[in-house]
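Below you'll find the structure, written out as structure tokens, and then a few comments.
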Amino acid sequence: MKLSLVAPCYNEEANIKLFFDAVKTAFDGKVTDYEIVFVNDGSKDGTYKELKKLYDENKKDNNIQVLTFSRNFGKESAMYAGLSNAKGDYVCIIDADLQQRPEVVLAMLDKINSDEDIDCVAAYQENRKESKAMSGIKSGFYKFINKIADVDFVNGASDFRLMKRSMVEAILDMSEYHRFSKGIFSWVGFNTAYIPYTVEEREFGETKWTVGKLFKYAIDGIISFSTFPLKLATAIGITTSIISVLYLIFVVLQKLIAGIDVPGYATIVVLVLFLGGMQLFCLGILGEYLSKIYVQVKNRPIYILKEHLGKDDED
Ligand code: UDP
Ligand code: MG
């Protein structure tokens, strides 16, 4: 098996068949030895039915695997499951919603074959089809996280990438529960080349991202790859202590030299509220890390498989 396409699917019933046909058309005569690993991430619509139909129709070609989760575990888990079961020497992660065209995979293959040194080819969005405000927030986030994290995050680079087997194995070795792929891809190292691509409009179904989910994902990314927030708490503590000592000296001198007896009601209220707020903020940061540790030490599986069509021993 040469190439595996890993396609996470969550409520994509209208896209499955189109996706499969698009791959077939794009690869026709150019890539012959390939498989598609569909990961049905607890879809609530007819995605499973579509996948099962596709699998039955193509069983003889032995080029489709369908992994079905017991519930929705999220795209990160779906990618992990897909990578774990992909058999190819090259593995490409691609969305099943046709926003990422299979033709780009051909360009990735060309690129990776053009230079032995390249282990991974990632596609980045040339033009983002989103509001200026959203683009601004995203690029601000990348600037911030690149400053504080130990790995490099590339703005605009998605999970859409082709990897050699050695890199896939390295990613699978990272079995952390809270997965933030953008960080993981970078953390494992390997030589990555970037090619631009244009994201297509979604024709069917809708994006699973909401502002709330994006925000949570951003926080996950920071906590998974940086201890900066913990250090921030220390820095805030030290700074407020120094300021309060300076203020103490100021008040004592004011009393001794100018003889002013400050009533200080407002000062006290402000300080109490400010320090209380800061303490809660720092506790919150600790809590974020603690909750991640808590979930990790429980050592729960990243996903639970309900069914696996096209598994090796079935063939
Ligand atoms: N997806 C998934 N599990 C989820 C959410 C999304 O497997 O919980 C899949 C989805 O079916 C699609 C891909 O991940 O193939 C990208 O999702 P989406 O299109 O919502 O993201 P966007 O393209 O808007 O970034
Ligand atoms: Mg999409």
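Keep in mind it's a predicted model, so treat the numbers as computed, not measured. Hydrogens, waters and symmetry mates play no part in the numbers below; they use all other heavy atoms, side chains included. Indexing begins at 1, ligand by ligand and atom by atom, following the structure's order. Throughout, numbering of the chain's residues begins at 1 and tracks the sequence.
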*Contact check, side chains of Glu200 and Arg101, non-hydrogen atoms, under 4.5 Å*: yes
*Examine the side chains of Glu12 and Ser43 and answer whether a donor and an acceptor come within less than 3.5 Å of each other.*
no
*Nearest-neighbour protein heavy atom for atom 24 (O) of ligand 1, which is reported as residue plus atom name and distance*: Thr207 OG1, 2.6 Å
_For ligand 1, the portion of Glu12 having any non-hydrogen atom under 4.0 Å away_ = side chain
*Go through ligand 1 atom by atom and flag the ones less than 4.0 Å from a non-hydrogen atom of Gln99.*
19 (O), 23 (O)
*Could you tell me whether the Mg ion (ligand 2) has an N, O or S atom of Asp97 under 2.8 Å away?*
yes
_Partner of Asn146 under side-chain contact (heavy atoms from CB on, under 4.5 Å), chosen from Val154, Asn155, Asp152, Val151_ = Asp152
*From atom 18 (P) of ligand 1, work out which of Met79, Lys213, Arg202 has a heavy atom at the shortest distance.*
Arg202
*Quick one: nearest non-hydrogen protein atom to atom 1 (N) of ligand 1, plus distance?*
Tyr10 CB, 3.7 Å
*May I ask you to decide if Ser181's main-chain N or O and Glu76's side chain share a donor-acceptor pair within less than 3.5 Å?*
yes
_Below 4.0 Å, non-hydrogen atoms only: which portion of Cys9 touches ligand 1? Side chain, backbone, both or neither._
backbone
*asked:* Give me the nearest non-hydrogen protein atom to atom 4 (C) of ligand 1 as residue plus atom name, then the distance to 0.1 Å.
replied: Asp41 OD2, 3.4 Å
*Among protein heavy atoms, which sits nearest to atom 19 (O) of ligand 1, and what does the distance come to when rounded to 0.1 Å?*
Asp97 OD2, 2.6 Å
*Taking atom 6 (C) of ligand 1 as the reference point, the nearest protein heavy atom with its distance*: Lys208 CD, 3.9 Å
*asked:* Taking the cut-offs as 6.0 angstrom to the six-membered ring centre and 45 degrees off its axis, would you call Arg202 and Phe204 a cation-pi pair?
replied: no
*Report the C-alpha separation of Phe27 and Leu109 in whole Å, then their side-chain angles, then the decisive distance to 0.1 Å, and conclude whether the side chain to side chain contact (heavy atoms under 4.5 Å, CB included) test is met.*
CA-CA 11 Å; Phe27 284 9; Leu109 277 170; 5.6 Å; no
*Run the salt-bridge test on Lys52 and Asp56 with the 4.0 Å N-O cut-off and return the result as yes or no.*
yes
*asked:* Does the plane of the ring in Phe69 sit parallel, tilted or perpendicular to the ring in Tyr303? Use 30° and 60° as the thresholds.
replied: parallel
*Asp95 heavy atoms, cut-off 4.0 Å: which ligand 1 atoms fall inside?*
13 (C), 15 (O), 16 (C), 23 (O)
*asked:* Heavy-atom distances under 4.0 Å decide this one: backbone, side chain, both or neither, for Val199 against ligand 1?
replied: neither
*asked:* What protein heavy atom lies closest to atom 9 (C) of ligand 1? Include the residue and the distance to one decimal.
replied: Pro8 O, 3.6 Å
*Is the Mg ion (ligand 2) under 2.8 Å from any N, O or S atom of Gln99?*
yes
*Side-chain contact, heavy-atom cut-off 4.5 Å: Gln100 with Tyr197?*
yes
*Out of Tyr217, Tyr10, Phe215, which one pairs with Trp209 under the ring pair (Phe, Tyr, Trp, His ring centres under 6.0 Å) rule?*
Tyr217
_For a quick check under 3.5 Å, do His178 and Gln296 share a side-chain donor-acceptor pair by atom type?_
no
_Distance from atom 14 (O) of ligand 1 to nearest protein heavy atom, with residue and atom_ = Lys75 CD, 3.3 Å
_When you compare ligand 1 with Val39, is there at least one nitrogen or oxygen pair between them that comes in under 3.5 angstrom?_
no
*Of the protein's non-hydrogen atoms, which lies at the shortest distance from atom 8 (O) of ligand 1, and what is that distance?*
Asn72 ND2, 3.1 Å
